[in-house]
Protein chains: 4
Amino acid sequence: MSSTKPPRVHAPRLAREQRVDEILLAARELFCEKGYETTAVAEIALKLGVVEGTIYKYFATKRELLLKVLEYWYEEMFGDYARDLAGQSSHRARLHLLIWRHLRSVRDFPRLCRLMFREVQSEHDYRGTLLHDLNRRYTQLLVDVIEAGVAGGEFRADLPAPLLRSLVYGGIEHHSWNYVCGRGALDIDSLAEQLTSLVCEGIAVHQSSQPSTPVRGEGRKRGASA
Amino acid sequence: MSSTKPPRVHAPRLAREQRVDEILLAARELFCEKGYETTAVAEIALKLGVVEGTIYKYFATKRELLLKVLEYWYEEMFGDYARDLAGQSSHRARLHLLIWRHLRSVRDFPRLCRLMFREVQSEHDYRGTLLHDLNRRYTQLLVDVIEAGVAGGEFRADLPAPLLRSLVYGGIEHHSWNYVCGRGALDIDSLAEQLTSLVCEGIAVHQSSQPSTPVRGEGRKRGASA
Amino acid sequence: MSSTKPPRVHAPRLAREQRVDEILLAARELFCEKGYETTAVAEIALKLGVVEGTIYKYFATKRELLLKVLEYWYEEMFGDYARDLAGQSSHRARLHLLIWRHLRSVRDFPRLCRLMFREVQSEHDYRGTLLHDLNRRYTQLLVDVIEAGVAGGEFRADLPAPLLRSLVYGGIEHHSWNYVCGRGALDIDSLAEQLTSLVCEGIAVHQSSQPSTPVRGEGRKRGASA
Amino acid sequence: MSSTKPPRVHAPRLAREQRVDEILLAARELFCEKGYETTAVAEIALKLGVVEGTIYKYFATKRELLLKVLEYWYEEMFGDYARDLAGQSSHRARLHLLIWRHLRSVRDFPRLCRLMFREVQSEHDYRGTLLHDLNRRYTQLLVDVIEAGVAGGEFRADLPAPLLRSLVYGGIEHHSWNYVCGRGALDIDSLAEQLTSLVCEGIAVHQSSQPSTPVRGEGRKRGASA
DNA sequence: CATGAATGAGTGTTCATTCAT
DNA sequence: AATGAATGAACACTCATTCAT
């Protein structure tokens with residue numbers, strides 16, 4: 001009969017920064033497990049033993065939360081690239097390092113990759129984001145290596161660096177998709193080798209080992225284009 | 001006061017197949033215009049002058065409808081590949097043709113590509129689909145060409161064909177993403193050239209140091225890429 | 001153990017028009033009882049034994065529902081004004097009729113008045129509404145009577161009709177506010193008399209019964225204005 | 001990564017009264033700019049460089065804050081009415097003064113009027129408020145003038161003073177509504193003249209048929225009314 | 001005296017899908 | 001074969017208010 005108003009139980013008071021980190025972490029996990037759309041803000045709150053409103057104190061919108069989660073991740077990824085790259089003895093080795101490290105990221109956080117590609121990059125509000133910038137700086141590393149390699153005479157001149165970048169990152173993405181979706185494994189060492197080799201040497205048999213290059217002449221004729 | 005009741009005009013009864021085609025067409029257009037999630041089944045019905053229930057007579061779920069739309073598209077894409085490939089004089093030319101035709105598909109139906117990638121391939125129910133099968137057969141064409149080229153001595157032995165496939169299709173996907181998302185254009189002729197060259201000759205300067213077909217003049221320019 | 005999915009129980013199927021009327025009625029009642037903001041769409045649905053979505057089938061938004069409720073009411077109010085006004089023997093009598101009928105509306109649907117004034121007229125989206133138009137046509141009736149009275153020599157020339165209209169409708173509104181808010185009664189017969197008299201004869205003692213008009217001269221001097 | 005914690009700067013401790021004034025001022029401004037419902041307590045706090053809790057130290061609820069804001073305003077409005085009224089030479093002049101001063105208030109603080117009418121007077125908790133009392137004393141001024149005018153023989157006997165009060169204040173409210181809602185201007189001098197004249201002389205042509213001060217030339221023109 | 005983290009209840013709106021007619 | 005009324009579950013976001021520090 002006596003209707004006792006349940007006493008307000010507060011979650012432990014945390015410093016702003018701690019809370020923010022907590023939320024980012026919980027959100028990352030849930031977004032990875034269930035995807036962005038399928039994760040309700042309420043779930044994130046529940047996971048923290050907190051109330052929805054609390055999350056909105058720190059992140060204006062669910063999407064902002066997603067963006068921040070990914071920014072967080074990118075910042076982790078940058079790590080000590082500069083030093084590591086400098087330590088390599090050739091541009092090919094540097095390229096190999098970039099490929100290998102990217103594969104490692106994909107292997108370690110496959111769902112984040114998926115989020116990045118599915119939920120973020122395809123939306124119109126992506127451009128101009130801090131995240132967009134981070135992404136560009138990240139993939140720019142590869143472009144830089146290519147250009148240095150060209151300058152150093154290790155790579156052919158006039159390479160279309162942006163296309164190469166797409167080839168590498170897009171190729172990795174495509175090839176890891178099954179893994180990212182939870183099927184199969186990812187042998188990053190062997191893949192990194194193969195990729196580097198493909199990109200550097202190409203698939204064609206070179207003249208040194210075989211005389212004829214009829215292929216190349218043909219290529220110019222433009223298959224079905226024109 | 002209360003809005004006048006619209007006269008009950010039954011939509012003409014069409015042969016089942018005709019209806020199905022009608023629906024697929026309308027759905028394709030709307031999905032392309034607005035995306036899958038953002039298109040309501042009601043809208044598709046409206047566009048046909050039909051009622052929601054009618055659509056569910058032919059397609060069990062909205063998702064099935066999406067899948068069928070894409071299957072239709074894939075069947076279109078196969079077209080007369082076999083004959084066209086046979087008409088090429090070298091494996092390099094065949095590779096170039098595949099790349100060029102894929103780029104053409106991307107250019108002509110960017111939204112369908114986007115749907116394929118964003119809405120379908122990443123979902124768990126994709127495996128085992130007819131669509132999945134179609135997609136595999138489609139990309140298998142490239143694998144076949146590679147293997148034939150290897151067998152014919154035109155390409156290096158022991159190439160990791162599946163990885164190559166990912167490189168090509170993933171690379172194209174990645175590079176066209178901006179275009180697919182409505183930003184920029186897509187010069188498919190030049191891209192096809194560059195891609196074929198990159199894949200065949202690689203980026204490294206060859207020991208033989210022969211002038212080695214430089215990747216044609218596009219240098220730093222970027223297609224629609226970010 | 002056996003989890004039986006509860007069978008979907010549908011509310012009785014009604015013709016579109018009937019449902020619309022039902023909803024308008026229920027909404028009117030609840031808006032009147034509890035006010036617009038305080039009434040949840042869910043409540044209206046509940047009252048009809050229907051689900052929220054059903055209401056949104058017929059009304060795009062809660063606000064549209066409010067507007068329609070009020071339009072409905074205005075259309076009732078217009079009734080057979082034209083004929084009734086024509087039956088009056090003088091313009092003063094017509095004015096009295098308008099005042100009396102308006103008071104009757106206020107008495108019968110005080111909460112609707114309140115809604116009209118509080119929730120609708122003060123919002124920016126009011127202008128250009130059908131409701132706005134209805135309201136103008138309604139109050140225009142008074143302006144017409146005034147002008148006819150002027151033309152017929154019964155009322156003074158050069159009356160500021162719109163101001164008069166405000167005086168009458170605003171005055172009634174103000175005076176009925178307590179009643180509208182649920183306090184006290186509303187003797188519409190006596191009020192109509194008094195109002196008509198005040199508006200027609202004014203408060204000043206007329207010369208016919210008293211010689212001096214010092215008041216009027218004073219008036220011109222402008223109290224504290226200038 | 002996580003946003004940098006803002007340095008904890010305590011707002012300077014002010015004397016209680018000073019704080020109260022500050023809050024009232026900020027609240028008034030925001031309520032006027034954005035309306036009551038649309039202004040969040042947090043915004044008021046922000047404007048003061050203070051925290052929400054602080055405001056609740058001085059005002060138990062948001063609504064109490066609104067009420068106090070309006071009380072403040074009423075107290076300003078009273079100003080030196082008594083002296084000014086006494087300075088008028090006739091009751092008609094006094095009436096004119098009251099009307100003019102009220103119009104001036106409306107013109108100068110339209111949003112406060114709107115708040116008063118929309119948010120306060122229509123709520124059930126209004127009765128018995130200090131604000132209610134202030135409002136009554138304010139409008140009572142007019143009743144007093146009327147009664148004095150009757151006693152002095154300047155106005156007709158047996159006037160329904162409260163109805164008259166409604167006529168004047170309600171009429172002004174109604175007529176200024178567009179202005180209050182941000183549309184059009186308000187010519188208070190001319191309006192005051194017209195209103196006084198209408199109230200005093202009425203609209204009817206008097207039997208004596210004396211030239212009877214026509215309501216000054218404004219004819220059909222409308223103030224800011226709809 | 002001031003902070004500011006946390007609450008918690010609330011709500012309009014959307015949509016794929018079902019099914020009686 | 002088609003209709004179209006009805007379902008029902010879901011969800012992002014807001015905000016006045018409380019209270020431990």
Side-chain angles (χ1 to χ4, degrees), chain A residues 6-16 18-19 37-43 45 48-63 65, chain B residues 6 8-16 19 37-43 45 50-58 60-63 65, chain C residues 6-16 18-19 37-43 45 49-63 65, chain D residues 6 8-14 16 19 37-43 45 50-58 60-63 65:
Chain A
R8 259 196 198 193
V9 180
H10 281 242
R13 292 199 141 216
L14 261 49
R16 181 180 186 85
Q18 274 174 59
R19 233 340 146 223
E37 301 281 12
T38 358
T39 300
V41 175
E43 286 176 280
L48 294 169
V50 150
V51 137
E52 278 180 86
T54 302
I55 290 182
Y56 281 94
K57 259 271 153 132
Y58 300 98
F59 299 91
T61 138
K62 187 187 175 189
R63 188 161 180 82
L65 182 50
Chain B
R8 182 152 176 161
V9 180
H10 277 239
R13 294 195 171 192
L14 296 180
R16 182 174 183 84
R19 260 273 181 257
E37 302 280 12
T38 358
T39 299
V41 175
E43 284 176 281
V50 151
V51 138
E52 295 169 78
T54 304
I55 290 182
Y56 281 92
K57 268 279 185 287
Y58 298 96
T61 85
K62 187 187 175 190
R63 188 160 178 82
L65 181 51
Chain C
R8 262 197 196 191
V9 180
H10 282 243
R13 293 196 142 218
L14 261 49
R16 181 179 185 85
Q18 275 174 58
R19 237 332 150 227
E37 302 280 12
T38 357
T39 299
V41 175
E43 286 176 281
V50 150
V51 138
E52 280 178 87
T54 302
I55 291 183
Y56 281 93
K57 260 270 155 142
Y58 300 98
F59 300 91
T61 136
K62 187 187 174 190
R63 189 160 178 83
L65 181 51
Chain D
R8 183 149 174 163
V9 180
H10 279 239
R13 294 197 171 190
L14 296 180
R16 180 174 185 87
R19 259 272 182 256
E37 302 280 12
T38 357
T39 299
V41 175
E43 286 176 281
V50 151
V51 136
E52 294 170 78
T54 306
I55 290 183
Y56 281 91
K57 268 277 184 285
Y58 297 96
T61 88
K62 186 187 176 191
R63 188 160 179 81
L65 180 52

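- Comparing D:Val51 and C:Arg63 by the nucleotide of DNA chain E whose heavy atom lies nearest to each, the residue mapping closer to the 5' end is D:Val51.
- Of the candidates F:dA2, E:dA6, E:dA16, the closest approach to any side-chain atom of B:Ala40 belongs to E:dA16.
- Going from atom NZ of C:Lys57 over to atom P of E:dT17 covers 14 Å, rounded to whole Å.
- Base pairing of F:dA1: no nucleotide in any strand meets the Watson-Crick or G-U wobble criterion (both distances under 3.5 Å).
- Summarising the geometry, atom CZ belonging to A:Arg63 is positioned 8.0 Å from atom OG1 belonging to A:Thr61; distances are rounded to the nearest 0.5 Å.
- The side chain of B:Arg19 sits closest to F:dA2 out of F:dT3, E:dG4, F:dA2.
- Note: CZ (A:Phe59) to P (F:dA12) measures 15 Å, nearest angstrom.
- Not one side-chain nitrogen or oxygen of A:Arg16 sits closer than 4.0 Å to the OP1 or OP2 atom of E:dG4.
- Using a 4.0 Å heavy-atom cutoff across all strands shown, A:Lys62 reaches sugar-phosphate atoms only and no base atom.
- Of all heavy-atom pairs spanning B:Glu43 and B:Thr38, the tightest one is OE1-O, 3.6 Å.
- Contact record, C:Lys57 with B:Glu52: NZ-OE2, 3.6 Å, taken as the closest heavy-atom pair.
- Using a 4.0 Å cut-off, some side-chain N or O of D:Thr54 falls inside it from OP1 or OP2 of E:dT3.
- Proximity of C:Thr61 to the phosphate of E:dT13: a side-chain N or O atom is located under 4.0 Å from OP1 or OP2.
- Nucleotides of DNA chain E nearest to B:Gly53 and A:Ile55 differ in position, and the one nearer the 5' end is that of A:Ile55.
- Here the CD-OG1 distance, from C:Glu37 to C:Thr39, works out to 9.5 Å after rounding to the nearest 0.5 Å.
- Within the nucleic acid shown, B:Thr39 comes within 4.0 Å of sugar-phosphate atoms alone, with no base atom in reach, counting heavy atoms only.
- Rounded to an integer number of Å, the gap from B:Glu52 CD to E:dC15 C1' is 8 Å.
- Two residues, C:Leu14 and A:Glu43, neighbour DNA chain F, and the one matched to the more 5' nucleotide by heavy-atom proximity is C:Leu14.
- Under 4.0 angstrom from either OP1 or OP2 of E:dA2 there lies no side-chain N or O belonging to D:Tyr56.
- For the atom pair CD1 of A:Ile55 and CG of A:Leu48, the computed distance is 6.0 Å after rounding to the nearest 0.5 Å.
- Comparing D:Glu37 and C:Tyr58 by the nucleotide of DNA chain F that holds the closest heavy atom to each, the one mapping nearer the 5' end is C:Tyr58.
- Using the Watson-Crick or G-U wobble rule with both distances under 3.5 Å, F:dT17 pairs with E:dA6.
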